[in-house]
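Here the structure is laid out as structure tokens; the discussion comes afterwards.
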4 protein chains.
Amino acid sequence: MQRKVPVDTHIDNTGFGSNSNMEGARLTNKDGSINMIKTGLPFITRLSIYHSLLRMPRFRFWAMILLFYTTVNLFFAAIYYAIGVDQLAGGTLGESVFARFMKAFFFSSQTLTTVGYGHVSPEGMVANLVASCEAFIGILAFAVVTGLVYGRFTRPRAFILFSNNMLVSPYKGGRAIMFRLATYKNNHLTDAEATVTAAIHTREEGKETTKFYSLKLEITRLNSLALSWTIVHPLNEESPLYSYSHEQLMAGKLELMVTVKAFDDHFSNTVQQRTSYTAAELVYGAKFRPMFERAAAGAATVLQLDKINDYERVALNEGTLESLGVKP
Amino acid sequence: MQRKVPVDTHIDNTGFGSNSNMEGARLTNKDGSINMIKTGLPFITRLSIYHSLLRMPRFRFWAMILLFYTTVNLFFAAIYYAIGVDQLAGGTLGESVFARFMKAFFFSSQTLTTVGYGHVSPEGMVANLVASCEAFIGILAFAVVTGLVYGRFTRPRAFILFSNNMLVSPYKGGRAIMFRLATYKNNHLTDAEATVTAAIHTREEGKETTKFYSLKLEITRLNSLALSWTIVHPLNEESPLYSYSHEQLMAGKLELMVTVKAFDDHFSNTVQQRTSYTAAELVYGAKFRPMFERAAAGAATVLQLDKINDYERVALNEGTLESLGVKP
Amino acid sequence: MQRKVPVDTHIDNTGFGSNSNMEGARLTNKDGSINMIKTGLPFITRLSIYHSLLRMPRFRFWAMILLFYTTVNLFFAAIYYAIGVDQLAGGTLGESVFARFMKAFFFSSQTLTTVGYGHVSPEGMVANLVASCEAFIGILAFAVVTGLVYGRFTRPRAFILFSNNMLVSPYKGGRAIMFRLATYKNNHLTDAEATVTAAIHTREEGKETTKFYSLKLEITRLNSLALSWTIVHPLNEESPLYSYSHEQLMAGKLELMVTVKAFDDHFSNTVQQRTSYTAAELVYGAKFRPMFERAAAGAATVLQLDKINDYERVALNEGTLESLGVKP
Amino acid sequence: MQRKVPVDTHIDNTGFGSNSNMEGARLTNKDGSINMIKTGLPFITRLSIYHSLLRMPRFRFWAMILLFYTTVNLFFAAIYYAIGVDQLAGGTLGESVFARFMKAFFFSSQTLTTVGYGHVSPEGMVANLVASCEAFIGILAFAVVTGLVYGRFTRPRAFILFSNNMLVSPYKGGRAIMFRLATYKNNHLTDAEATVTAAIHTREEGKETTKFYSLKLEITRLNSLALSWTIVHPLNEESPLYSYSHEQLMAGKLELMVTVKAFDDHFSNTVQQRTSYTAAELVYGAKFRPMFERAAAGAATVLQLDKINDYERVALNEGTLESLGVKP
């Protein structure tokens, strides 16, 4: 009969400070990266070149490799030109400055890639020495590129697609916050585990504080991410969101930080993907439409990835939650 | 005295929906992959090229590499031919169109592989530029191939052989479902762990539902997969299969999804292999014949992998299970 | 007052069968591999080429690579010779059969390694085609070798040195079985965990059975394998060896299978090493001499790896264990 | 009312012996490596070349590669010179001994890198054979270098910056030992876990002993290492340091060994970093200044890495801890 007063069950081991800045900024970006800037150390010390080159978009990566190749060739071409193109025997491009420079440039590229046709060849002592260095650099650069390409290929990734919105849906006579996810590539994840941490930024007694809560989920662990997974946090009296009014949550101060960890079946390693939902991405009174369907008899189940954001508006049952702050 | 009514102990975190399609189709294929189709995103978005190239059969992989090599060579040969083969000095193949094209083709292959004999060499500006690009592409392609070859080599695999059938065998005065497995390569797995999930598709009150159960195994974890491992699920009152009639199980609606996870001793990583058994692969009243034998004194134990499917028909003792639904 | 009758606490999830062959043969070899032969499948199916090439001794590995290089060169040299060495322009080795074959051989090696000097070059259509294939094969072979070399380099290994013998030493007024181990390379292992399983082969009522027991250790887990670790199994009433007479243990039927798992600090992965001790390697009444010493003030501790097998004979105290079967 | 006598809660599974040498020497170096020397085995047996090459500073690594390249070239140049430079056709460097040697040197470098211009080419049988070997060695060396470069790139590292000092700060009406840490690269660590082991070297009854204690931390596990993490060990009656006088701790005998383990978000593997603090690095009566600040509204939080060592002197409250040995 007695209405339970929710206990303050906030947690303090999220790694974010209680005075983190949430004034309109998310703690975690939509792509899962932390919205934070590090200062105070030289850029080069703060940079992990390998991390950067591995996470760079594909097109930009290959463009950088091409740029590197051209730059190194121009650099060595300039050296050969400075030494004197007459130290490079053979070749019939012509005697203009441009033709002579291009002869040096093409010789450089033939050396760097270790093609070495030899129709142009180094005859002088200095040109020979430079070519010897360039071929060596070519080999090493190749080693680096091989490593990078392989690293990019094999970087463990979860390839999880999250729904754009989280919904407040009817759930077992009450309500629940729901969002869903699915793997969108031909990978297969098992032992998937989700954790959801809520960050709520409030002004208490004139002081701004960010409190963090670990949200209880209906199902925390899934044996297989074969189909889509709808993650459900029931908005009942055990929920820490219970003690906040709808206005507080909606005022842009709520953020749900989501981590999904799973075991990649093909590569036998653990992969992880993160995202976050802010109050602006919360749809009040809606439920997801099914995103997989039974195919014809004898056929496989079909998962429709384009439907991951499909929801329909529904009325929320008011009964049991009437007195909760989460009611609009 | 009182017959226990089995509690419905079905689980709902398998990742498969309760309305998954089992109309004659398995949930998990024999090779462990999920029997599901993903739609709604462009093919290229859904495809992880690396996953595909790594799981491709060996022959097909090398054929694709060879096809790629030939195609790129033909492509560049066409370019050199278009530029004019006279920009390629040297070579004595002849003056026919075919001979001139082949000269371009061989020059291309010498450039792509960075062999660069130089008996044929690029003399014009354009040919030099194209050759410079081709050698660069050759280097990068090589980097990709090296990565792929290494990735295929090192892909963690369990190399487990499962018996084709699962048997209902006599077991401790009752019965049990049994199947067995063994590693078939010169790898060694330790800390092997098996989980078996039963999917049962039934029509309850005109509605089709798939229920999932986690099956209790006699031994769940093995220190070493040195010999074969017979996995045993006792068909007693604790078994969720207890509440289903033999007809139900046999009507093509039962599927056992098996996952074996283990630690690979040589590579120090966790490997996993999955398979599934349907009711059609259930042999009623049979037991496995031993598949390892004592060798002569002083010698090693011999594991006979060809006997993994060997079983003999036996009578099931009817005593304790007489009243169970699992009785035929 | 009442002498406790030891409970039979044998375990049956070792992965070895209770009718495994121990007639003079170990279950686990000294190097940790399982003493077992697999039959019944074609050799090639049973072989994981990658596993084999990675575990091969270093010298043999490089010899195989050299053999491969020579064989492929001889193979292609034979093809070029068959086509006709006159299709290979240039070269001044001579006109004898040997010189002509060697010209083909050296041309082949220049193609396979993609050196391609070009002083010998393919002129005919067929020679060009073969050379084009050979260079391609060279590139792919190189990719494979790169993968293998890298795989061998990075294969996670524990580099643990075990003492040759296990001792029965005085321990806390009683006795204990002890052996010790240390890492011998400049690697650093943390979170080391040891498990010891005893296999005892007995003839009970005319039937030979192998029983397995998990042995209780004084310390099972060590934070850091900085120094040596002496693993201690107290021979008290809780020990399963309690119920066996000294004669039984000594009759060549006891085997202790040891697994040490740890976290490699530099590579951030889990490594594992196994070994086994048979009764023949048991020294009765001895204790290990210290193998590390305090260096001068301010200096590091010194671990003397050559002393790992150093022990001295000591008398065992007879008191509490007088009535145990483990007494000689 | 009764003052609790602290129980001796020392642990003995640290891997360091109780008679380890702490006479002015740390057990763990500041960079986390163990301060220990291994002897008794040949250097080459104790050396893991791969471990060494991977942990070598970047500059030294590339210098070693360059040295290797030069040495191998000089070696083969000497061989070609010994065979007779006239076996190398072509080249116009001159007839002096130096010029002839350099011709051999440049030919060697062109062979080793597989550039093979061919303007200098092997004509004699022996020179051909040596060149064939050198190109083969070049290919293999390249494979090794590619592996090393990739291994260095991908070596899992935590990139954690620790504060130089540990402080005794006011804490909840009492005191606590504090130090802090932050990741300084663009990596992101989750599930960070810290363990702190205290080593205390004392002279008890004329005998020197080192005792180890596992220290209780306020927060042991952090979901995300997004900001800095201040690790706090409360100096209350539960602390093992309670039973030591300030003089004992300060006399250079206290060492705190710290291990931080976390999950690298981008590479999906576990990384670990260690360090240690000695009594000499303990600042008594100080607290850390904040090292992150709220940026302008809408912007990200700013973590100032250069402030990690910033602290200010503060008075310690004496109240509850007055009677503790840790009071100065």
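These numbers come from a predicted model, not from an experiment. Here is the naming used below: chain letters follow the sequence lines, and residue numbers restart at 1 for every chain. Computed from heavy atoms alone, side chains included, the values below leave out hydrogens, waters and symmetry copies.
- Per-residue heavy-atom pair counts under 4.5 Å with chain D were compared for A:Thr195, A:Val145, A:Thr114, A:Asn29, and the maximum is reached by A:Thr114.
- D:Leu161 touches chain A through its side chain: at least one heavy atom from C-beta onward sits under 4.5 Å away, while N, CA, C and O do not.
- Contacts of A:Phe136 with chain D are made by both backbone and side-chain atoms, with heavy-atom separations under 4.5 Å.
- With a 4.5 Å cut-off on non-hydrogen atoms, A:Ser132 touches chain D through its backbone and its side chain both.
- Among A:Thr197, A:Thr28, A:Leu129, the residue making the largest number of heavy-atom pairs under 4.5 Å with chain D is A:Leu129.
- Between chain A and the options D:Arg221, D:Lys103, D:His119, the largest number of non-hydrogen pairs under 4.5 Å is found for D:His119.
- In terms of non-hydrogen atom pairs under 4.5 Å with chain D, the most contact-rich of A:Leu148, A:Asn269, A:Thr113, A:Leu140 is A:Leu140.
- A tilted orientation is assigned to the rings of D:Phe162 and D:Phe179, their planes being inclined by 30° to 60°.
- In this structure, chain D has heavy atoms under 4.5 Å from both the backbone and the side chain of A:Asn128.
- If you measure heavy-atom distances from D:Gln304 to chain A, the contacts under 4.5 Å come from both the backbone and the side chain.
- With a threshold of 4.5 angstrom between heavy atoms, A:Leu112 does not approach chain D through any atom at all.
- With a 4.5 Å cut-off on non-hydrogen atoms, A:Val120 touches chain D through its backbone but not through its side chain.
- The greatest number of non-hydrogen atom pairs below 4.5 Å with chain D, out of A:Leu54, A:Thr111, A:Thr146, is found for A:Thr111.
- When only modelled atom types and interatomic distance are considered, D:Ser224 and D:His188 share a side-chain donor-acceptor pair under 3.5 Å.
- In this structure, chain A has a heavy atom under 4.5 Å from the side chain of D:Asp264, while its backbone stays farther away.
- In this structure, no portion of D:Ser108 lies under 4.5 Å from any heavy atom of chain A.
- For the set A:Thr270, A:Ile34, A:Ile139, the entry with the most heavy-atom pairs within less than 4.5 Å of chain D is A:Ile139.
- Both the backbone and the side chain of D:Leu66 come within contact range of chain A, with heavy atoms under 4.5 Å apart.
- If you measure heavy-atom distances from A:Arg274 to chain D, the contacts under 4.5 Å come from the side chain alone.
- Side-chain N/O atoms of A:Glu123 and A:Ser121 include a donor and acceptor closer than 3.5 Å.
- When heavy atoms are compared at a cutoff of 4.5 Å, A:Thr259 does not approach chain D at all.
- Looking at D:Val115, both its backbone and its side chain come within 4.5 Å of chain A, counting heavy atoms on both sides.
- Looking at A:Leu53, there are no atoms closer than 4.5 Å to chain D (heavy atoms on both sides), in backbone or side chain.
- At a 4.5 Å heavy-atom cutoff, the contact between D:Ile219 and chain A is made by side-chain atoms alone.
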